[in-house]
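Comments concern the structure below.
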Amino acid sequence: MGLFNRLFGETTDKTPEAPETEEKATEKTYEETLSKTSQSFGERMNSFLANFRSVDEEFFESLEETLITSDVGVALASEITEDLRQEARLSNAKTPEALRSLIVEKLVDRFGDETLDTTLSDVTPLTVILFIGVNGVGKTTTIGKLAHRYQKAGKKVLLAAADTFRAGAISQLQEWGKRSNVPVVAGPEGSDPASVAYDAIKRAQDEGVDVLLVDTAGRLQNKDNLMKELEKISRILSRECPEAPHEVLLALDATTGQNAVQQAKEFSAVTPITGVILTKLDGSARGGIILQIIQNLKIPVKLVGTGEKIEDLADFDSEAFIKGLVKDLL
Ligand code: GDP
């Protein structure tokens, strides 16, 4: 059974609904976080459907365009349109309304086909997570939120301020450390980030830390330097702890839309990425870019930022996401 039927299909299962479950709570968070995206997606698609009386070539061209402007991505938009052309012919659909749920079904099912692992590594004795991303995307905030989450779960956490390049980055991380009562390893501004990483992993091992979160300077402008710097940090980490870093997470700002997709492409050319954190999804109408990141770039989205507060971080839940996205269309 396709994802669409599972999420939206009629159910013959009469077992009573479970009380307020974790799943329901996740759906609610996603619905709220995605409200701007789903509203804009819904409006675009609804006004497109209202614009046509019949299903002709112009209809399909406009559908493809609407999907592209909804950040679905060119490749996925044209695949879905082609599928629909055929299905419309087969089912002899004459009106746009007859295709409404089919459009959603195609989108949802395509999305459900992707099987990327969205879970974060969790290894003992020590999990090391490296954070990359350009300034302002919400990298430090996410590290702070994650530190808080691990701390609350009873894990021993350590932060490493290996973004020694940007003025203020070190003190910003120290500020987050204070907020969740997590220590921060730092060096002077302008010092070698790899030496901060070295000090941090040594301390993590000496003190029996469970999770080490390493901030880095995401200077995409100078790719050679960035690559060298990340390689050096990774080399030092893995010398001390063979599998480290266990995760390399790229933070992207959802409000920047196609720019975020472009950054994902450029960063993945510089370093292997194990996952994306899509921040500011709450303030963005462009959450549809998740489809592109997953479908085209084949990078799993692992975390999403759902607000500015310390608790506003959610694991990526693909079903809750797609449900929230198409909410205004059905
Ligand atoms: P960095 O330069 O990548 O470390 O970015 P910061 O962590 O300093 O964040 C930049 C701004 O984005 C700050 O004002 C944060 O409060 C804000 N921000 C980060 N994550 C989120 C989020 O998920 N939702 C919202 N609404 N704002 C966020």
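Remember, it's 1-based here, ligands and their atoms both numbered in the order they're listed. Values in this document were obtained by computation on a predicted structure and should not be read as measured data.
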Next on the checklist: For the CD atom on Gln205, are there more than 12 heavy atoms of other groups (residues, nucleotides or ligands in this structure) within a distance under 6.0 Å?
Outcome noted: yes
Checklist entry - With side chains defined as the heavy atoms from C-beta onward, is the minimum distance between Thr37 and Asp71 less than 4.5 Å? => result no
Next on the checklist: Heavy atom to atom 8 (O) of ligand 1, shortest distance: which of Lys145, Gln172, Glu308, Lys309 holds it?
Outcome noted: Gln172
Checklist outcome for this item: In this structure, atom 18 (N) of ligand 1 is nearest to the protein heavy atom Lys280 CE, 3.8 Å
Item to check | Phe165 atom CZ, neighbour heavy-atom count above 12 within 6.0 Å | outcome: no
Checklist entry - In terms of residue, atom name and distance, what is the protein heavy atom nearest to atom 7 (O) of ligand 1? => result Thr141 OG1, 2.5 Å
Next on the checklist: Testing Arg286, Lys139, Lys280 one by one against Asp253 for a salt bridge (charged side-chain N to carboxylate O under 4.0 Å, His left out), which residue passes?
Outcome noted: Lys280
Item to check | Within 6.0 Å of CD in Glu58, more than 12 heavy atoms from elsewhere | outcome: no
Checklist outcome for this item: If you scan protein heavy atoms around atom 2 (O) of ligand 1, the nearest is Gly136 N, 2.6 Å
Checklist entry - Given Gly307, Gly138, Gly305, which one has a non-hydrogen atom that is nearest to atom 22 (C) of ligand 1? => result Gly307
Item to check | Close-contact set for ligand 1 against Thr306 heavy atoms, below 4.0 Å | outcome: 23 (O)
Next on the checklist: Between Gln263 and Val137, does the side-chain contact (heavy atoms from CB on, under 4.5 Å) criterion hold? Intermediate values first, please.
Outcome noted: CA-CA 11 Å; Gln263 281 170 21; Val137 292; 4.1 Å; yes
Item to check | Short side-chain donor-acceptor distance under 3.5 Å, Arg166 and Asn135 | outcome: yes
Item to check | Atoms of ligand 1, numbered as shown, that sit under 4.0 Å from any heavy atom of Lys139 | outcome: 1 (P), 3 (O), 4 (O), 5 (O), 7 (O)
Checklist entry - Got more than 12 heavy atoms from elsewhere within 6.0 Å of CG, Asn181? => result no
Next on the checklist: Below 4.0 Å, non-hydrogen atoms only: which portion of Val304 touches ligand 1? Side chain, backbone, both or neither.
Outcome noted: neither
Checklist outcome for this item: ligand 1 to Asn135, heavy atom cutoff 4.0 Å, flagged ligand atoms 2 (O)
Checklist entry - Can you tell which of Thr279, Thr33, Asp282, Leu281 gets a heavy atom nearest to atom 26 (N) of ligand 1? => result Asp282
Next on the checklist: Tell me the protein heavy atom at minimum distance from atom 4 (O) of ligand 1, and give that distance in Å.
Outcome noted: Thr140 OG1, 2.4 Å
Checklist entry - Looking at ligand 1, does Ala251 have a heavy atom less than 4.0 Å from it? => result no
Item to check | Sub-4.0 Å heavy-atom contact, Val134 with ligand 1 | outcome: yes
Next on the checklist: Check this for me, if you would: do Lys106 and Glu79 make a salt bridge, where the nitrogen-to-carboxylate-oxygen distance has to be below 4.0 angstrom?
Outcome noted: no
